[in-house]
Amino acid sequence: MPFMSSTRCMSKREFTSQLFSTDAKVNSVTTTEKLLAFAKAASIPVHVTTQTAAKLGPTVPSIAAHLTSTPIDKTKFSMLVPELEASLAPKSQVALVGIESHICITQTALDLRDAGHAVYVIADGVSSCNRQEVVVALDRLRAEQGINVTSSESWMYECLGDASHPAFKPLITIVKGAGENTKMVLDSLPPMPKI
């Protein structure tokens, strides 16, 4: 199914040490690793950016180990830089994970939406240095038309759409293998508004 593109503002080693809690650090990295495994199994393209790596440090090693290409380094807060924009097909469906929720993730989601793409912000795959910034960012993004805030598991199943998809068996293995981590991540998310 060539309808998905996945863009990630990768967790930086220096920033992850400043996230609002150790749980937040583990959560964004754990969810990103799970989604990278799924992207590989489902042949979903992964586009990676870093924010001024020379100053802020490299991508977290456990995430970098999953990457098949070098991240695009940028100074713009949005990940939708020309090199990345040129690699996205028109009207792509794009999932976002990374840091910081209220800066890179928010600006990227808005730019992608304005460029005509369908945007999915993976709530259990984003974080910020301040816990409340995550809440504010996700609340704002939920209110924006054309931007969907969802969970990693929901997004993965939506990508496949049917148990007959060839990537369904690998997905089940990924979901089962990450079960305890997924529960821990979801339990530690900042409080969300009642839907």
Side-chain angles (χ1 to χ4, degrees), residues 4-88 92-109 111-112 119-129 134 137 151-153 155-156 159 167 170-171 173-175 177-182 184-185 188-189:
M4 293 302 294
S5 290
S6 182
T7 306
R8 301 173 195 292
C9 179
M10 299 314 285
S11 303
K12 308 290 284 183
R13 190 181 314 184
E14 184 174 313
F15 272 4
T16 55
S17 67
Q18 298 173 15
L19 292 179
F20 66 82
S21 73
T22 302
D23 286 346
K25 176 180 172 180
V26 171
N27 294 353
S28 61
V29 171
T30 299
T31 299
T32 299
E33 291 170 344
K34 174 175 67 175
L35 290 172
L36 287 169
F38 170 70
K40 181 178 180 182
S43 299
I44 295 171
V46 174
H47 304 282
V48 182
T49 65
T50 52
Q51 183 74 27
T52 55
K55 293 180 182 178
L56 299 176
T59 300
V60 172
S62 64
I63 293 173
H66 292 276
L67 303 180
T68 58
S69 63
T70 303
I72 298 167
D73 199 43
K74 64 184 182 58
T75 58
K76 182 179 178 183
F77 296 123
S78 172
M79 292 178 272
L80 194 59
V81 294
E83 304 94 318
L84 195 144
E85 190 167 13
S87 67
L88 290 175
S92 290
Q93 294 185 2
V94 181
L96 298 173
V97 298
I99 53 176
E100 294 208 21
S101 305
H102 62 296
I103 303 171
C104 291
I105 297 297
T106 295
Q107 290 185 35
T108 303
D111 285 352
L112 285 165
V119 181
Y120 295 82
V121 175
I122 308 301
D124 52 319
V126 299
S127 194
S128 293
C129 291
V134 179
S151 70
S152 58
E153 194 166 310
W155 177 77
M156 292 186 296
C159 286
L171 171 61
T173 302
I174 291 165
V175 168
E180 278 302 309
N181 285 337
T182 299
M184 176 196 66
V185 169
S188 67
L189 285 175

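- Applying the side chain to side chain contact (heavy atoms under 4.5 Å, CB included) test to S62 and every residue at least two apart in sequence or in another chain returns V29, E33, V60.
- Put simply, CG on D73 and OG1 on T49 are 8.5 Å apart, with the number rounded to the nearest 0.5 Å.
- Annotation: side chain of T68 is not in contact with side chain of V46 (no heavy-atom distance under 4.5 Å).
- For S78, the side chain to side chain donor-acceptor pair (under 3.5 Å) test picks out D111, with sequence neighbours left out.
- For the pair C159/F38, a side-chain contact is recorded, criterion being any heavy-atom separation below 4.5 Å from C-beta on.
- By the side chain to side chain contact (heavy atoms under 4.5 Å, CB included) test, A178 is found to be paired with K34, T182, residues two or more places apart in sequence or in another chain being considered.
- Between the side chain of Q51 and the main chain of T75, a donor-acceptor pair closer than 3.5 Å is present.
- Within the model, atoms CD of E153 and CD1 of I122 stand 11.5 Å from one another, a figure rounded to the nearest 0.5 Å.
- Rounding to the nearest 0.5 Å gives a distance of 9.5 Å between CD1 of I99 and OG1 of T32.
- Contact of the I72 side chain with the H47 side chain is not registered, since no non-hydrogen atoms from C-beta on lie closer than 4.5 Å.
- Taking 4.5 Å as the limit, every side-chain heavy atom of I63 sits out of range of all side-chain heavy atoms of V48.
- Side-chain contact check for T59 versus T50: some heavy-atom pair is nearer than 4.5 Å.
- A heavy-atom distance below 4.5 Å is not found between the side chains of T106 and V121.
- To the nearest 0.5 Å, atoms OG (S152) and CG (D124) are separated by 3.5 Å.
- Note that CE of M156 is 14.5 Å distant from OH of Y120, once rounded to the nearest 0.5 Å.
- Contact between S128 and S101 at its shortest, heavy atoms only, is OG-N, 3.0 Å.
- When all heavy atoms of A167 and A41 are compared, the pair lying nearest together is CB-O, 3.9 Å.
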Under 3.5 Å, sequence neighbours excluded: what are the donor-acceptor pairs made by side chains of residues 79-86?
none

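- Here H102 contributes atom NE2 and S127 contributes atom OG; the two are 10.0 Å apart, rounded to the nearest 0.5 Å.
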